[in-house]
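Contents: one structure, followed by commentary.
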Amino acid sequence: MLFVLSLVNFGPLIRTYVAEARYIPTGSMLPTLQINDRLIIDKWSYRFQEPQRGDIIVFMAPERAGICVSSSYIPDPSDSWSNFPTDKTKPSNPKLQNAFIQRIIGLPGDKVEVKREQVYINNKTFQEKYIAEAPFYEFGPVTVPAKSYLVLGDNRNKSCDSHFWGPVPRENIIGKATKRYWPPKRIGRVE
């Protein structure tokens with residue numbers, strides 16, 4: 001009984017500061033994450049270390065990501081990042097109230113480019129074993145701003161991500177996906 005009371009009292013604190021459960025609603029991270037996978041998001045570790053390239057993160061999307069939920073706008077990846085707002089942590093667009101999940105590709109200061117079906121970071125080929133297929137688009141080069149990250153979905157050609165709407169400010173990051181707890185046959189670490 002005491003354990004149950006402790007969970008009731010500390011549950012909101014744990015969800016706010018330590019970890020929370022999330023589900024995958026879209027195919028932007030296929031094949032790594034399947035639709036309806038259930039994940040544990042670590043909200044604690046980024047208090048002590050910076051996000052790393054390859055981390056799968058949950059974040060509140062910048063305002064510009066509203067292009068992903070608009071049925072009337074087809075995003076153009078050649079749009080300039082200089083026009084993208086990066087300082088809003090709470091989007092005013094009501095369609096952007098749900099968090100996004102994608103993989104960190106570019107760190108602050110990195111030069112990122114996608115050309116000839118390959119990602120380049122600082123003019124070097126970036127090897128990826130987890131993507132659904134090679135990207136069919138051209139992007140950049142762009143330099144990731146300070147205190148920001150470039151994120152891409154593993155399902156590169158079917159993901160509305162940083163190549164459409166720009167970088168994710170550090171303060172928008174909620175946490176890192178670490179464990180899959182559902183479905184039972186896929187329980188394990190998220191990589």
Next on the checklist: Once you measure the plane-to-plane angle for Phe100 and Phe59, does it fall in the parallel (<30°), tilted (30-60°) or perpendicular (>60°) bin?
Outcome noted: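 Correct class here is tilted.
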Checklist entry - According to the interplanar angle, ranging from 0 to 90°, do the rings of His163 and Tyr137 count as parallel (below 30°), tilted (30 to 60°) or perpendicular (above 60°)? => result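 Plane angle under 30°, so parallel.
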Exercise: identify the closest heavy-atom pair between [X] and [Y]:
{"X": "Pro51", "Y": "Ile173", "result": "CG-CD1, 3.9 Å"}
{"X": "Ala177", "Y": "Val190", "result": "O-CB, 4.0 Å"}
{"X": "Pro108", "Y": "Ser148", "result": "CG-O, 3.2 Å"}
{"X": "Ala65", "Y": "Ala61", "result": "CB-CB, 3.5 Å"}
{"X": "Val112", "Y": "Gly106", "result": "CG2-CA, 4.0 Å"}
{"X": "Leu107", "Y": "Gln52", "result": "CD2-C, 4.0 Å"}

Checklist entry - Trp165 side chain to Pro62 main-chain N or O, any donor-acceptor pair under 3.5 Å? => result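 No, the answer is negative, given that no donor and acceptor are paired below the 3.5 Å cut-off.
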Checklist entry - Taking Gln118 for the side chain and Gln127 for the main chain, is one N or O donor matched with an acceptor at less than 3.5 Å? => result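 It does not hold such a pair.
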Among all residues two or more places apart in sequence or in another chain, which pass the side chain to side chain donor-acceptor pair (under 3.5 Å) test with [X]?
{"X": "Arg189", "result": "Glu191"}
{"X": "Lys115", "result": "none"}
{"X": "Tyr120", "result": "none"}

Item to check | Sub-4.5 Å side-chain heavy-atom contact between Ile101 and Ile57 | outcome: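 A side-chain contact under 4.5 Å is absent here.
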For [X], which residues count as a side chain to side chain contact (heavy atoms under 4.5 Å, CB included) partner, sequence neighbours excluded?
{"X": "Tyr23", "result": "Pro25, Asn36, Arg38"}
{"X": "Ile105", "result": "Arg103, Val119, Ile121, Phe126, Glu128, Tyr130, Leu150, Leu152, Arg156"}
{"X": "Asn155", "result": "Leu30, Ala132, Lys158"}
{"X": "Thr26", "result": "Ser28"}

Taking only residues two or more places apart in sequence, or in another chain, which ones meet [X] in a salt bridge (Lys or Arg N to Asp or Glu O under 4.0 Å)?
{"X": "Asp37", "value": "Arg180, Arg186"}
{"X": "Glu117", "value": "none"}
{"X": "Glu50", "value": "Arg170"}

Checklist entry - Taking NZ, NE, NH1 and NH2 as the nitrogens, is one of them in Lys176 or Asp55 under 4.0 Å from a carboxylate oxygen of the other? => result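 The answer is yes: the pair qualifies as a salt bridge.
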Next on the checklist: Less than 4.0 angstrom from a charged side-chain N to a carboxylate O is my criterion; do Lys111 and Glu113 meet it?
Outcome noted: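 No, Lys111 and Glu113 are not salt-bridged.
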Separation between [atom1] of [X] and [atom2] of [Y], rounded to the nearest 0.5 Å:
{"X": "Asp110", "Y": "Lys124", "atom1": "CG", "atom2": "NZ", "result": "11.0 Å"}
{"X": "Ile41", "Y": "Arg22", "atom1": "CD1", "atom2": "CZ", "result": "7.0 Å"}
{"X": "Lys147", "Y": "Asn172", "atom1": "NZ", "atom2": "CG", "result": "13.5 Å"}
{"X": "Ile187", "Y": "Lys179", "atom1": "CD1", "atom2": "NZ", "result": "12.0 Å"}

Checklist entry - Who passes ring pair (Phe, Tyr, Trp, His ring centres under 6.0 Å) against Phe136, sequence neighbours left out? => result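 Partners of Phe136 by the ring pair (Phe, Tyr, Trp, His ring centres under 6.0 Å) criterion come out as none, since no residue qualifies.
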Item to check | Verdict with reasoning, Ile56 to Met29, per side chain to side chain contact (heavy atoms under 4.5 Å, CB included) | outcome: CA-CA 9 Å; Ile56 298 174; Met29 284 297 294; 3.8 Å; yes
Next on the checklist: We want to know whether Thr178 and Asp42 form a side-chain donor-acceptor pair, criterion being a heavy-atom distance below 3.5 angstrom.
Outcome noted: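 Thr178 vs Asp42: no donor-acceptor pair found between side chains.
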